[in-house]
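For reference, the structure discussed in these notes is given below.
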There are 2 protein chains.
Amino acid sequence: MLQKKKNAVLVDGVILNGPIMDSKAGEKFVEEACKIIMEEVIQKADDVTEKVCEWQAPETLKQILDLEMRDTGESHQKLLQLCRDVIQYSVKTSHPRFFNQLYAGIDYYSLVARFITEALNPSVYTYEVSPVFLLVEEAVIKKMIEFIGWEEGDGIFNPGGSVSNMYAMNLARYKFCPEIKEKGLSGLPRLVLFTSEECHYSMKKAASFLGIGTENVYFIKTDERGKMIPEELEKQVQRARKEVRGGEHEGERRRSVCRLIHDYRCNFQLPFSIYKFCRADSVAWNPHKMLLAGIQCCALLVKDNSGLLKKCYSAKAAYLFQQDKFYDVSYDTGDKSIQCSRRPDAFKFWLMWKALGTTGLEERVNRALALARYLVEEIKKREGFQLLLEPEYANVCFWYIPPSLRRMEDGPEFWQKLHQVAPIIKERMMKKGSMMLGYQPHQGKVNFFRQVVISPHVSREDMDFLLDEIELLAKDL
Amino acid sequence: MLQKKKNAVLVDGVILNGPIMDSKAGEKFVEEACKIIMEEVIQKADDVTEKVCEWQAPETLKQILDLEMRDTGESHQKLLQLCRDVIQYSVKTSHPRFFNQLYAGIDYYSLVARFITEALNPSVYTYEVSPVFLLVEEAVIKKMIEFIGWEEGDGIFNPGGSVSNMYAMNLARYKFCPEIKEKGLSGLPRLVLFTSEECHYSMKKAASFLGIGTENVYFIKTDERGKMIPEELEKQVQRARKEVRGGEHEGERRRSVCRLIHDYRCNFQLPFSIYKFCRADSVAWNPHKMLLAGIQCCALLVKDNSGLLKKCYSAKAAYLFQQDKFYDVSYDTGDKSIQCSRRPDAFKFWLMWKALGTTGLEERVNRALALARYLVEEIKKREGFQLLLEPEYANVCFWYIPPSLRRMEDGPEFWQKLHQVAPIIKERMMKKGSMMLGYQPHQGKVNFFRQVVISPHVSREDMDFLLDEIELLAKDL
């Protein structure tokens, strides 16, 4: 028997002795690739002489990249070249002149935590399989709750602010009508949701996904600064009461309005000590934005401390959440989630917080805000630049009026022409690769640029560059 | 003016010249941490003499780890020690004797892709900000659809199989009742969902989250192999028709059963060429399981090619999905998602597929299946081991009957005592750190072990070790 075992064991034509992978070659591959990542991404992150992107149109890029997956594998040499290609044609979101999104820059500590995460490949549902990451998540959530000023609370890291909103919306409805978990919505009166007309688009996605329906979202008018007008909320509540009652007159079984007032702040990025959340029941906090924790790092925090998250979401899978374990199974927090496998996103935020301290995080935010204010002052000084409104935060919205439009009379033609300017400048900056800046129309306002300051690698010189570059790109317009 | 600019610019007490981060120190920190990751995680991944875990009870581990986040940051030296601690006390899911979950092992190619992802920090919603990763996702989804044998289709990578199931369930209801997106469920007849009693627990979570309600999930009886019995499905459909009609008699406004038959296979792990999906409308495929793509890597594939995903999920945010861009905006696929920021999970699967080829992926799966069959034969040979049923796949379920129970009469007392055996063995193996193996009760069957073979680092010797170790740990029981 023993003799037989020392020989090759063959089952269905497969030799089962020893592993099939060549670990040494694999490790060497990882080392070589890490060198490329270090040189081509990390060391270039603060280098403004590098391109932000090397633009190629989709059809061209498909030709350049060897995308096809074949029957046979490629050599390590070929794979390393593929890695180089992927890096070369990807947008460098850590570049100091990447202003296109609500994330940017590089944080070395978060990055290390992410490398550790990938190497350890954990899933955060039970303590037995993820002891460190569960404790870290618990500590981070506790600290975040303390930070926003609640006396107690609960929370869960999840895959994005949009999903956080879904969690919160479902929690609110569970709190008011817990039987929805079992019974569903069909027997119930129509649920109505009130939110700001300036809310993130995920609110509509959530209303649709959760079976509430986008037509049952009542949008509240905002003031000129985009803030919800309290009187308008009252109006919408009255409107909803009337409309839902109207439904009853038509013979519909709609008993009353079940109000779901979801306190929501669009794209909240932790401006330290600015906002207080005393009256909110839940907060979606995305440290992957201004705090640079890396995509994705998002927590939903809830003020409730009665186990609402668990009651609302648990499904008690016996194969995962065994109750006869030898340790305190209250640490098996995975059943609070809508996910099964879940990434340890709290960990990167934790290591960053350990590295920088609260003071270091605050410094970053304060600097970004100061840079935004500097940019605003510069915009005011320059001909052709026009601010949409005084920002309160790190997003600066402005128009660039090119030379040919400066003497034009204010009127529909002017705005129509101005609407076309930002897309042209954007195309030119993308093709040049000098910077990336977003534009958009909004609430009847024609296309304007939206500058977001996030990265600690950004300096005053980059703000000046931004304005100079727009002038340069648009001088013939 | 220029002169002034060369001097320090101070806004609200913040100096804005030059970046605040010390890039060189940051890069050095990343390099040192990478060395630790390489030595402590990657190079030890195939070493069976290492512990799978270094068990500490939650309260003890809290004392060992310095979890607290303070006002002031820590030194690089301290941070590197923290990284070592995190690694030391984390479960080594890549260890050849980690059999605890439906993921395990290490794939060097996927790992490299994940490091690249973290360094580039992309978000996959628009082509302009994620050109390579969007094209890669498109290519991977196309290949996956081809692989499962559909002529056409669509798909999206998302954060987990549970979320895939939610996507699919919502898509099914949208397909049959598209007005639910706007109107919600409240005015509609009760929706009923049919699924296997052996389905993943996410089906219930999804029913609750989407507003359908867990009581409206009709579970279909399965045969002794856990497969849905077609006649039982028919019975449940009849039952649902009656119950919902009964509701009408009670005065409820329930018009008819809207059938949502969701074709679902629990924890599908791509056993190449085994299953065909001709009759399914959607498939949730998790390459982060048996294919080792790393958590998370999950795609929902849908057979529909009429843009159902987009119609069902889009919210058309103007700040992200501008329609006046200079390139073909049909490449801006982010609006098909319930998420806003989204990780490029297709990329790691792509690089792995490029590296191994379809043949290499098949080899891995075939070997895992052969190892499972080897284990089954060994279990049959050994006294005290009892198979629950002949496996068809890589999950081997068995009881270990310790010496003291072997002469006991079959009866309630026997099963009650046997129920307690697996948790004790599990506790002992955790504390010893020699391996990790899951146990669970199921459908009236007392606690049994569930062995899952996944990692290509696993060999026949590890299968033998597994059985020897259980005998050793339980010899006094």
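Chain letters run A, B, ... following the sequence lines, proteins first and then strands; every chain starts at 1. Side-chain atoms are counted along with the backbone in the values below, which use heavy atoms only and exclude waters and symmetry mates.
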Self-check item: Heavy-atom check, side chain of N121(A) versus side chain of S94(B), under 4.5 Å
Solution: no
Exercise. State whether a side-chain donor-acceptor pair under 3.5 Å links Q56(B) with Y327(A).
Key: no
Exercise. Return yes if some donor-acceptor pair links the side-chain N/O of K143(A) with the main-chain N/O of M69(B) below 3.5 Å, else return no.
Key: yes
Quiz item: Judged by modelled atom types alone, do Y374(B) and D12(A) share a side-chain donor-acceptor pair under 3.5 Å?
Solution: no
Exercise. Would you please name every residue forming a side chain to side chain donor-acceptor pair (under 3.5 Å) with K205(A), sequence neighbours left out?
Key: D335(B)
Exercise. Could you label the plane-to-plane angle of the Y109(B) and F29(A) rings as parallel, tilted or perpendicular, counting under 30° as parallel and over 60° as perpendicular?
Key: tilted
Practice problem: Look at atom NZ of K354(B) and say whether more than 12 heavy atoms of other residues, nucleotides or ligands are closer to it than 6.0 Å. | Solution: yes
Practice problem: State which residues pass ring-ring contact (aromatic ring centres under 6.0 Å, His included) with Y89(B); sequence neighbours excluded, sorted by chain then number. | Solution: none
Quiz item: Going by the angle between their ring planes, with limits at 30° and 60°, are Y319(B) and Y201(A) parallel, tilted or perpendicular?
Solution: perpendicular
Quiz prompt | Contact leader toward chain B among E377(A), K183(A), K204(A), M463(A), where contacts are heavy-atom pairs under 4.5 Å | solution = K183(A)
Practice problem: For the pair W55(B) and F326(A), name the ring-plane relationship: parallel under 30°, tilted 30 to 60°, perpendicular over 60°. | Solution: tilted
Self-check item: SB check K426(B) E128(A) (cutoff 4.0 Å)
Solution: yes
